[in-house]
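For reference, positions follow the sequence shown, starting with 1.
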Amino acid sequence: MTKFYLVGTIPVKIEKRADGTTVVQAFNVQLGRLENNSRYYTMIRRDDTGLVKVITAAEFDAHVAALRLKAS
């Protein structure tokens, strides 16, 4: 199962795999790509910052595309 979030302006994807592992990928604005970054997992689980928003896969893709354009 894969879920998509915005944490502030950063798109984050959390994938729970069949083998029980969880992979957290967040967009790195400086590098212009998705990277494994588990620090967002705690932010999303706690959601005490007010910055977490659940989004669709299409919204995730749109945010990633927009940030890639900005980074280039």
Side-chain angles (χ1 to χ4, degrees):
M1 175 194 313
T2 303
K3 294 187 178 181
F4 303 92
Y5 302 89
L6 269 184
V7 179
T9 60
I10 305 300
V12 179
K13 173 171 60 171
I14 298 180
E15 180 184 358
K16 293 190 179 183
R17 297 182 176 168
D19 66 0
T21 60
T22 300
V23 177
V24 180
Q25 291 188 312
F27 190 82
N28 182 318
V29 177
Q30 286 78 28
L31 299 177
R33 66 177 186 212
L34 288 169
E35 291 188 319
N36 290 345
N37 190 331
S38 60
R39 79 179 186 103
Y40 285 96
Y41 186 77
T42 302
M43 291 176 70
I44 290 167
R45 297 269 306 177
R46 283 194 332 227
D47 192 16
D48 60 357
T49 61
L51 297 175
V52 179
K53 178 182 173 189
V54 178
I55 59 174
T56 66
E59 290 172 314
F60 175 85
D61 291 340
H63 283 285
V64 168
L67 288 172
R68 281 190 174 135
L69 279 176
K70 257 183 158 176
S72 59

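Evaluation of the side-chain hydrogen bond (donor to acceptor under 3.5 Å, both in side chains) test over residues 2-18, restricted to residues two or more places apart or in two chains, returns none. Applying the salt bridge (Lys or Arg N to Asp or Glu O under 4.0 Å) test to every pair with at least one member in residues 53-72, sequence neighbours left out, gives no pairs at all. Applying the ring pair (Phe, Tyr, Trp, His ring centres under 6.0 Å) test to pairs two or more places apart or on separate chains, those with a residue in residues 43-72 are Phe4-Phe60.
Minimum heavy-atom separation, Leu67 to Pro11: CD1-CD, 3.4 Å. The minimum heavy-atom distance between Asp19 and Thr21, with the atom names listed, is OD1-OG1, 2.7 Å. Heavy-atom minimum distance, Val12 versus Ala26: CG2-CB, 4.0 Å. Among all heavy-atom pairs drawn from Tyr41 and Thr22, the shortest one is CE1-CG2, 4.0 Å. Listed here is the closest heavy atom pair of Val7 and Val52: CG2-CG2, 4.3 Å.
In this structure, Thr49 OG1 and Met43 CE are separated by 4.5 Å, a value rounded to the nearest 0.5 Å. Rounding to the nearest 0.5 Å places CG of Asn28 at 11.5 Å from CG of Asn36.
Taking hydrophobic clusters as Ile, Leu, Val, Met, Phe, Trp and Tyr residues chained together by side-chain heavy-atom distances below 4.5 Å, Val23 does not share a cluster with Ile44.
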